[in-house]
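Everything on this sheet refers to the single structure shown next.
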Amino acid sequence: MALKPAPGAMSAVRIREAIRTCLPEAQSDSGEVQQKALQTLVSITKVSPQNRNLLAQTEGAIPALLALSKSSSSTIQILALSILFNLSLNLDLKLSLADIETIYHLNTIISDPTESGKLASSLVCSLAMLDKNKAKFGVAGTIQLLVNAISGPRGPAAHHLLSSLAELVRFHGNCTVAVREGAVPALLQVVESTDGEDLAGTSLLVLGLLARFDEGLSALSKTEQIVSSMVQVFKGRCMLSKEGAAELLLLLFDESEGCVRDALRLHDFSSLVADISVRGSARAREKAALLMKKMMDADMDSYVDGNPMFSQWKTARAEDQILVERCFILEREYLIDKGI
């Protein structure tokens with residue numbers, strides 16, 4: 001008696017047959033047939049890495065999907081981009097998907113305030129996670145397009161655009177291009193905007209990545225009121241933003257004595273940092289503690305030239321430290337009382 005195929009093998013056979021059926025139908029003249037076939041391929045590739053490989057290994061599949069992603073029908077384009085995005089989740093497919101013609105095509109739609117624009121931005125971000133692909137996007141002009149899009153009105157794809165830029169500027173060459181194209185003022189504009197604190201948090205993440213390289217850090221340290229801008233972030237509610245602002249200030253204090261002087265002139269700086277050191281997330285508390293240490297360890301006498309600013313700051317800092325210690329005591333008593 002013939003042995004039955006293992007369940008996994010049967011599944012792979014059925015998936016392969018479904019792919020072979022759907023690919024020709026996806027290129028049908030009937031929009032309805034196309035849509036149904038593409039929806040099936042979206043479902044097949046959504047979860048399973050094995051299914052993605054099966055589709056990618058099918059002859060003519062990727063060229064067909066790339067052609068469909070240029071369809072004049074928004075529905076067909078969205079479905080094709082969704083499948084390509086699913087395929088890009090497999091690490092071994094990222095390199096082959098990021099050919100220069102595909103990147104040029106994605107460049108034409110990443111700024112669109114549509115679902116296609118969001119998917120294209122997500123696909124750029126996914127492909128850029130492979131270090132070998134990062135330089136390709138820089139050469140193709142993707143950085144300039146992302147900075148221009150971020151500089152404009154906030155659209156539904158704003159977060160996707162920022163995430164794509166965050167991934168690309170991890171490569172030094174792309175960071176240089178981004179700074180040259182005005183990424184620093186564009187991102188600070190998002191940080192200072194009231195449109196959404198989640199966007200501000202992602203923008204601060206990108207600024208922190210830019211600051212890892214000399215070009216980015218130099219551009220930030222030369223920005224007027226940069227310390228005041230970060231202090232305003234400390235007054236907000238988004239903890240991700242506070243983490244990003246604290247990390248950025250640490251880098252700026254190492255780079256510029258002028259930034260340290262600016263912080264000393266702000267009467268509420270120390271109290272805001274002290275508050276974060278108690279109430280912030282673990283990462284925010286760590287950064288706030290480092291900020292306070294930097295301020296206390298600095299040779300302030302050389303910064304203030306004999307004026308009473310430093311002694312006033314030390315007095316305020318001492319008061320804040322007392323507040324911090326009281327908060328820790330109260331927190332400890334609360335935990336003991338609750339038996340935690």
Side-chain angles (χ1 to χ4, degrees), residues 2-130 132-133 136-137 140 142 145 156-157 160 164:
L3 293 174
K4 292 184 178 179
M10 286 293 292
S11 176
V13 169
R14 286 197 295 267
I15 293 297
R16 191 176 285 110
E17 289 176 354
I19 289 171
R20 288 174 178 167
T21 300
C22 288
L23 271 178
E25 291 179 351
Q27 300 168 77
S28 165
D29 292 333
S30 168
E32 185 178 349
V33 173
Q34 273 188 309
Q35 185 173 331
K36 185 176 179 180
L38 289 170
Q39 285 172 338
T40 300
L41 291 175
V42 169
S43 299
I44 286 173
T45 58
K46 191 170 185 178
V47 177
S48 169
Q50 292 78 13
N51 291 353
R52 295 173 199 141
N53 282 330
L54 284 174
L55 176 58
Q57 291 162 7
T58 303
E59 185 178 357
I62 291 179
L65 291 168
L66 289 171
L68 290 167
S69 72
K70 302 173 185 178
S71 172
S72 58
S73 165
S74 61
T75 301
I76 299 301
Q77 184 182 61
I78 288 169
L79 289 169
L81 286 170
S82 297
I83 298 167
L84 288 169
F85 174 74
N86 289 346
L87 294 179
S88 76
L89 298 177
N90 280 23
L91 182 62
D92 58 338
L93 297 179
K94 291 182 188 292
L95 187 62
S96 60
L97 286 170
D99 67 84
I100 199 68
E101 291 303 319
T102 300
I103 292 173
Y104 282 136
H105 171 54
L106 294 175
N107 283 352
T108 65
I109 51 180
I110 55 175
S111 302
D112 289 354
T114 61
E115 186 64 24
S116 292
K118 290 199 296 186
L119 283 166
S121 297
S122 297
L123 182 51
V124 167
C125 184
S126 177
L127 295 175
M129 288 179 181
L130 184 68
K132 290 182 179 179
N133 287 340
K136 295 181 184 179
F137 287 99
T142 308
L145 291 167
H160 299 74
S164 297

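Values reported hereafter were calculated over all heavy atoms of this structure, with side chains retained and with hydrogens, waters and symmetry mates removed.
Atoms OG1 and CD, on Thr75 and Gln39 in that order, are 9.0 Å from each other to the nearest 0.5 Å. The distance from atom CD1 of Ile109 to atom NE2 of His105, rounded to the nearest 0.5 Å, is 4.0 Å. With rounding to the nearest 0.5 angstrom, the CG atom of Leu68 is 10.0 Å from the OG atom of Ser73. The CD atom of Gln35 sits 10.0 Å away from atom CD1 of Ile78, with the distance rounded to the nearest 0.5 Å. Note: Thr102 OG1 to Lys136 NZ = 9.0 Å, rounded to the nearest 0.5 Å. Between atom CG of residue Asp112 and atom OG of residue Ser74 there is a gap of 11.0 Å, rounded to the nearest 0.5 Å.
Applying the side chain to side chain contact (heavy atoms under 4.5 Å, CB included) criterion to Arg20, with sequence neighbours excluded, gives Arg16. The salt bridge (charged side-chain N to carboxylate O under 4.0 Å, His left out) search around Glu115 returns Lys118, not counting sequence neighbours. Partners of Thr58 by side chain to side chain contact (heavy atoms under 4.5 Å, CB included), not counting sequence neighbours, listed by chain and number: Ile19, Leu23, Ala61. Partners of Ser111 according to the side-chain hydrogen bond (donor to acceptor under 3.5 Å, both in side chains) rule, which considers only residues two or more places apart in sequence or in another chain, do not exist here. Residues satisfying the side chain to side chain contact (heavy atoms under 4.5 Å, CB included) criterion with Glu32, sequence neighbours excluded, are Ser30. The side chain to side chain contact (heavy atoms under 4.5 Å, CB included) search around Glu25 returns Thr21, Val33, Ala37, not counting sequence neighbours.
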Please list, one pair per line, the donor and acceptor atoms closer than 3.5 Å that link side chains of residues 87-97 to other protein atoms, with sequence neighbours excluded.
residue: Ser88; atom: OG; partner: Phe85; partner atom: O; Å: 2.6
residue: Ser88; atom: OG; partner: Ser126; partner atom: OG; Å: 2.7
residue: Asn90; atom: OD1; partner: Arg52; partner atom: NH1; Å: 2.9
residue: Asn90; atom: ND2; partner: Pro49; partner atom: O; Å: 3.0
residue: Asn90; atom: ND2; partner: Asn53; partner atom: OD1; Å: 3.3
residue: Lys94; atom: NZ; partner: Ser88; partner atom: O; Å: 2.7
residue: Lys94; atom: NZ; partner: Ser126; partner atom: O; Å: 2.9
residue: Lys94; atom: NZ; partner: Ser126; partner atom: OG; Å: 3.0
residue: Ser96; atom: OG; partner: Leu93; partner atom: O; Å: 3.1

* When you look at Val124 and Asn107, which way does the side-chain contact (heavy atoms from CB on, under 4.5 Å) test go after all the steps? -> CA-CA 9 Å; Val124 167; Asn107 283 352; 5.5 Å; no
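Checked by atom type and distance alone, the side chain of Thr40 pairs as donor or acceptor with a backbone atom of Lys36 at under 3.5 Å.
By the 4.5 Å heavy-atom criterion applied to side chains, Ile15 and Gln50 are not counted as neighbours. Looking only at side-chain heavy atoms (C-beta outward), Ser164 and Ile110 stay at 4.5 Å or farther from each other. At least one side-chain heavy atom of Leu55 sits less than 4.5 Å from a side-chain heavy atom of Leu65. Two residues are said to be in side-chain contact when any heavy atoms from C-beta on lie closer than 4.5 Å; Ile103 and Leu127 fail this criterion.
Here the shortest heavy-atom pairing between Ser69 and Leu84 reads CB-CD1, 4.2 Å.
Listed by first and then second residue, the side chain to side chain donor-acceptor pair (under 3.5 Å) pairs that reach into residues 77-87 are Thr45-Asn86, Gln77-Ser116, sequence neighbours excluded.
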